[in-house]
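Here's the structure we're looking at; comments come further down.
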Amino acid sequence: MTPILALGPAWLDPDSLIRTLGFVGLLVIVFVESGLLVGFFLPGDSLLFTGGLLIATGQLPVPLWLALLLVPLAAVLGDQCGYLIGRRLGPAVFKKQDARFFKPKYVEDAYAFFDKYGGRAVLLARFVPVVRTFVPVVAGVGRMDYKHFLAWNVAGGVLWGAGVTTLGYLLGGIAFVRDNIEVILILIVLVSVLPVAFEVLRARRRGRVGSDRSGAEAAGGSRGRGAHRA
């Protein structure tokens, strides 16, 4: 099999990580990368894709059904841990009004964001590298309803953990995939960012429409008052 190259530093090569740490190491990395702030730099999509590919080729001696069970579980538990970190430590970290980075206003903004987008934010962030590490923490800081967070966390964990692993497994026997793994991993990252990009564009479009409407109403009100005085 053609060696799988990393998109980042050599020591973050997903193929080397799995061969060195094994399946247990893969689960630990998924857990840490999903919700612990220190794990934002770890590979996620590429690790799961590579894991599925290695299972398909027999180089990772783990049944697919077991991987599809434990990988989503590790992802869900990681997000749960991140949520609890944000909920427990958030008030203490964001309590100083004059703080430079951790302002109380950020907590209010986080609460408003999750109140507006709710589960969609948790689900979409699961497919975006780095972002998925911080979203559960921010959800905890913003006091997002726990049951609501849990439901969307489980949905996102299953779709991401089982989906990307299955994708690697199904494509593992195709020579083109083995020979062009780097390009495929880049495409996975680009595709995973598209949902959030669409959400941002929609939010900006709605914001511009709302601003234009408010401006028109204000202008109309001013003209009405001027005509009344005349």
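In this text the structure is predicted, and so the values were computed from the model without any measurement. Side chains included, hydrogens not; waters and symmetry mates left out as well; all remaining heavy atoms used.
- Here the side chain of R126 pairs a donor or acceptor atom with the backbone of A75 at under 3.5 angstrom.
- Shortest non-hydrogen contact noted between P14 and S46 is CB-O, 3.9 Å.
- The distance from atom CG of L123 to atom CG of L159, rounded to the nearest 0.5 Å, is 6.0 Å.
- Here the closest non-hydrogen pair linking A162 and P72 is N-CG, 3.7 Å.
- Taking every heavy atom of both residues into account, Q59 and R19 meet most closely at OE1-NH2, 2.6 Å.
- Taking CG from N153 and OH from Y146, the interatomic distance works out to 8.5 Å, rounded to the nearest 0.5 Å.
- In this structure the side chain of D15 reaches within 4.5 angstrom of the side chain of L54, judged on heavy atoms.
- Salt bridge annotation for D45-R132: present, with a cationic side-chain nitrogen under 4.0 angstrom from a carboxylate oxygen.
- Scanning both residues, T165 and A67, for their nearest heavy atoms gives CG2-CB, 4.4 Å.
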### Task
Applying side chain to side chain contact (heavy atoms under 4.5 Å, CB included), run through I18 and T50 and close with a yes or a no.
CA-CA 8 Å; I18 294 175; T50 302; 4.1 Å; yes
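- Here the closest non-hydrogen pair linking L26 and V71 is CD2-CG2, 3.8 Å.
- Rounding to the nearest 0.5 angstrom, the gap separating the CG atom in L27 from the CG atom in L73 is 8.5 Å.
- Using cut-offs of 30° and 60° on the angle between ring planes, the pair F149 and Y83 is parallel.
- Using a 4.5 Å cut-off on side-chain heavy atoms (C-beta onward), V30 and W160 make contact.
- Rounded to the nearest 0.5 angstrom, F134 CZ and L36 CG are separated by 11.0 Å.
- Minimum interatomic distance between S34 and P136 (heavy atoms only, all atoms of both residues): O-CG, 3.6 Å.
- Each of L47, V24, L48 was compared with I29 under the side chain to side chain contact (heavy atoms under 4.5 Å, CB included) criterion, and only L47 meets it.
- H148 has its side chain out of reach of V122: every pair of non-hydrogen atoms, C-beta onward, lies at least 4.5 Å apart.
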#### Entry: L60 vs L53, side chain to side chain contact (heavy atoms under 4.5 Å, CB included): CA-CA, chis, key distance, verdict
CA-CA 9 Å; L60 182 61; L53 195 155; over 6 Å; no
